[in-house]
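For reference, the structure discussed in these notes is given below.
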Amino acid sequence: MAETEHRPTNFIRQIIDGDLASGLHNTVKTRFPPEPNGFLHIGHAKSICLNFGIAQDYTGTCNLRFDDTNPAKEDISFVNAIKEDVSWLGFAWDGEERYSSNYFDQLHGYAVELIEKGLAYVDFSTQEEMREMRGTLKAPGTNSPYRDTDIDTNKREFEKMTAGEYDEGQCCLRAKIDMASSFMCMRDPVIYRVKHAHHHQTGDKWCVYPMYDFTHCISDAIEGISHSLCTLEFQDNRRLYDWVIENISIECTPRQYEFSRLNLEYTVLSKRRLIQLVEENHVEGWDDPRMPTIAGLRRRGYTPGSIREFCTRIGVTKMDNMVEMSMLEACIRDDLNVNAPRAMAVLDPIKLVIENLPEGESITIEAPNHPNDESMGTRTLSFGREIWIEAEDFRESANKKFKRLVLDKEVRLRNAFVVKALRAEKDANDKVTTVYCSYDPDTLGKDPADGRKVKGVIHWVDGATGAPAQFRLYDRLFNVPNPAAEESFTDAINPASLEVKEGWVEPGLDNRIPKIGAWQFERTGYFCLDKHSTSDALVFNRTVGLRDTWAKIEG
RNA sequence: UGGGGUAUAGCCAAGUUGGUAAGGCAGCGGGUUUUGAUCCCGCCAUUCGUAGGUUCGAGUCCUGCUACCCCAGCCA
């Protein structure tokens, strides 16, 4: 990360400060542990910024570890996508990426250790039987008939499990803890299950795979993680995390701390639902610009810095939250406002004919790339007899609040001349197609000499040199603030979340793509080129519109 | 009385030993402006889920309520 961003404190940093002050730790080691079963989303960005941000600020390290204990749901394509997204966000993990599957041999050894200590047993109960014996939230469970199997038998049975002598579901290895515990996860949790599945990292070496609760704490300990940060739903699991570490022969005792996961209005942030959106083709894919995935936000035009800034603005607490989309939008606007060069594009064109400018004649105009930043330089535009302007910027009549082009009135063409509308031509549907006007040649870069005040400014694209382009405008993917709370969240999908427009942009844009990857099309919003754009067929994604107080007045 | 958590403005969120409610987003006024943008300036919690208690003084301490979230996968 190039620049150091100021990060406010939070309860986890205060815990770390205390651990450093007390000497409990000398260095801080964190980890970001995604399961490679889908793409990363903005909620993961919160965790990434937390874990990597802490490592940076405390001059510690942060590992990237794929929590790959369930080969049935995972795929190598997701590990590649995740690595790309973390890097793109601007973070570097310590050394090579890790995999929980790197530790399968050690994990297996610790499982045997528990068996030898009489703290784990192989259970042949069916899943339904196990569920019944688990009890309920208020009633204690009952012991499995296999709970007191002798150690040698358990060792032998676990070896047979490992050797592939049992089918999936036939048996599993359980930790012997307490069937009456008020923590459901402590009622003899399953720590190994049979799974005859090919694993993207270990191939066909294993047919038994460790469960999350058994794997995560040990992986943390093996890697020497000092602070293991996860989300609130794992608070109960912390008891099991600590139990495993205490009952196996491992020196490192990492501590788990939980923070609340991010919820964003008008979208969903659960892997399960995002997978469904992709698999049922409600969106184009994981990187659909309407998706809250890192890949989707990237394609939409969000910058890494804007996402990091969002994560610092939302903070880290244990409170359930629902963040407004305006918070995210403010972050990208703040970034692009200062870093995106300006350009002009007309999304819904009508023709403006300048009658006192002869056909074939063209005036060269030098326009600043940024009104508040001269260092961004200028560009050359040509201004000819036929110009494209936005349909909504012309009205045959209007009151004085409408500061745009009106018949018999004047308006400034951005970066160019003052023009006066003379008459309009309409089609069969009474829609204006062409406006005829005259321009004042003495108004380039200055106000009219006679003191006339022209309040409005509208943008335009030269008809002779402008390039045709498609503009893809995105709206929220869902019609309700919290789609996850719906009976069927897909029923709440906004059918108008994508609007496609065909218009014009000033020439040469794709030959001078700015470093930030985006432009501000003045008066309309921030745009970037879509991955499907070609020099013959330009396609722009609107990242976010400009703040629009006029729309508020009108609406 | 299963257990684990959380309650500060429309949203996010500071508030560490009790000393008189940061900041951001949104919103609302006003100024500048060749983007109805940006920028600037101002406003926006007599009150911290609620009822009591302790105290000269409570968002912070104590007690009782209430609301919401999580836990009964061989998912993570």
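What you see below is based on every heavy atom in this structure, not just the backbone, and it leaves out hydrogens, waters and symmetry mates. Numbered from 1 within each chain, the chains take letters A, B, ... in sequence-line order.
- With rounding to whole Å, M130(A) atom CE is found 10 Å from C75(B) atom P.
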Footprint string (nucleotides 33-44 of chain B, 5' to 3'): B base within contact, S backbone only, - free, heavy atoms under 4.0 Å: -BBBBB------
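- Aromatic pair F66(A)/F78(A): ring centres not closer than 6.0 Å.
- In this structure, the CG atom of D213(A) is 13 Å from the P atom of C71(B), given to the nearest Å.
- At whole-Å resolution of the value, CD in Q127(A) and P in A72(B) are 14 Å apart.
- Here C25(B) presents its P atom at 14 Å from CG of L328(A), a figure rounded to the nearest Å.
- Applying the Watson-Crick and G-U wobble criteria (two distances, each under 3.5 Å), A7(B) pairs with U66(B).
- Under the ring pair (Phe, Tyr, Trp, His ring centres under 6.0 Å) criterion, F124(A) pairs with Y146(A), Y166(A), not counting sequence neighbours.
- Applying the salt bridge (charged side-chain N to carboxylate O under 4.0 Å, His left out) test to residues at least two apart or on different chains, the pairs with a partner in residues 187-201 of chain A are R147(A)-D188(A).
- Nucleotides U60(B) and U38(B), compared at atom C1', are 41 Å apart to the nearest Å.
- Across all strands shown, U17(B) forms no Watson-Crick or G-U wobble pair with both distances under 3.5 Å.
- Following rounding to the nearest Å, R131(A) (CZ) and A72(B) (P) show an atom-to-atom distance of 12 Å.
- Nucleic acid contact class of F183(A) (heavy atoms, under 4.0 Å, all strands): sugar-phosphate only.
- Contact annotation: R134(A) reaches the phosphate of G73(B) (side-chain N/O to OP1 or OP2, under 4.0 Å).
- Rounded to whole Å, the distance from OH on Y266(A) to C1' on G10(B) is 12 Å.
- Only the P atoms considered, C65(B) is 10 Å distant from U1(B), to the nearest whole Å.
- In G57(B) the base sits anti relative to the sugar, since the glycosidic angle is further than 90° from 0.
- In the set A72(B), C25(B), C75(B), the nucleotide with an atom closest to the side chain of A330(A) is C25(B).
- Between the P atoms of C12(B) and G49(B), the separation comes to 14 Å (whole Å).
- Taking atom C1' in both U8(B) and U50(B), the straight-line distance is 14 Å, to the nearest Å.
- Across C61(B) and G18(B), the matching C1' atoms stand 8 Å from one another, rounded to whole Å.
- Rounding to whole angstrom units, NZ of residue K73(A) and P of A76(B) are separated by 7 Å.
- Going from atom CE of M184(A) over to atom CZ of R239(A) covers 15.0 Å, rounded to the nearest 0.5 Å.
- Annotation: side chain to side chain contact (heavy atoms under 4.5 Å, CB included) contacts of A367(A) (sequence neighbours excluded): R379(A), L381(A), N415(A).
- Residues satisfying the ring pair (Phe, Tyr, Trp, His ring centres under 6.0 Å) criterion with F32(A), sequence neighbours excluded, are absent altogether.
- Take the nearest nucleotide of RNA chain B for E168(A) and for S326(A): the residue whose nucleotide is more 5' is S326(A).
- Straight-line distance between the C1' atoms of C43(B) and A9(B): roughly 14 Å, to the nearest whole Å.
- Contact check of residues 230-242 of chain A against RNA chain B (heavy atom, cut-off under 4.0 Å) returns E233(A), F234(A), Q235(A), D236(A), N237(A), R238(A), R239(A).
- In this structure D450(A) satisfies the salt bridge (charged side-chain N to carboxylate O under 4.0 Å, His left out) test together with R452(A), sequence neighbours excluded.
- The pairing partner recorded for C28(B) is G42(B), the criterion being a Watson-Crick or G-U wobble arrangement whose two distances lie under 3.5 angstrom.
- Taking the C1' atom of each, A67(B) and G29(B) are spaced 37 Å apart, rounded to whole Å.
- In terms of the ring pair (Phe, Tyr, Trp, His ring centres under 6.0 Å) criterion, H459(A) has no residue partners (sequence neighbours excluded).
- Between the C1' atoms of U47(B) and A58(B), the separation comes to 12 Å (whole Å).
- Although no hydrogens or angles enter the test, the distance criterion places no donor-acceptor pair under 3.5 Å between the side chain of R261(A) and the main chain of N321(A).
- Base engagement by S125(A) is indicated by at least one non-hydrogen atom pair under 4.0 Å involving a base atom.
- Contact between the side-chain N/O atoms of K552(A) and the OP1/OP2 oxygens of G27(B) is found at a separation under 4.0 Å.
- Every residue two or more places apart in sequence or in another chain was checked for a ring pair (Phe, Tyr, Trp, His ring centres under 6.0 Å) with H370(A), and none qualifies.
- Listed by chain and residue number, T136(A) satisfy the side chain to side chain contact (heavy atoms under 4.5 Å, CB included) test with A139(A) (two or more places apart in sequence, or in another chain).
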Per-nucleotide protein contact string for nucleotides 11-18 of chain B (B base, S sugar-phosphate only, - none; heavy atom under 4.0 Å): SSSSS---
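- An OP1 or OP2 oxygen of A76(B) is reached within less than 4.0 angstrom by a side-chain nitrogen or oxygen of R193(A).
- Here the side chain of D213(A) pairs no donor or acceptor atom with the backbone of I191(A) at under 3.5 angstrom.
- With rounding to whole Å, M325(A) atom CE is found 14 Å from C25(B) atom C1'.
- Salt bridge K420(A)/D440(A): absent, no basic N to carboxylate O contact under 4.0 Å.
- Sorted by first and then second residue, the salt bridge (charged side-chain N to carboxylate O under 4.0 Å, His left out) pairs with a member in residues 310-331 of chain A read E309(A)-R313(A), R313(A)-D334(A); sequence neighbours excluded.
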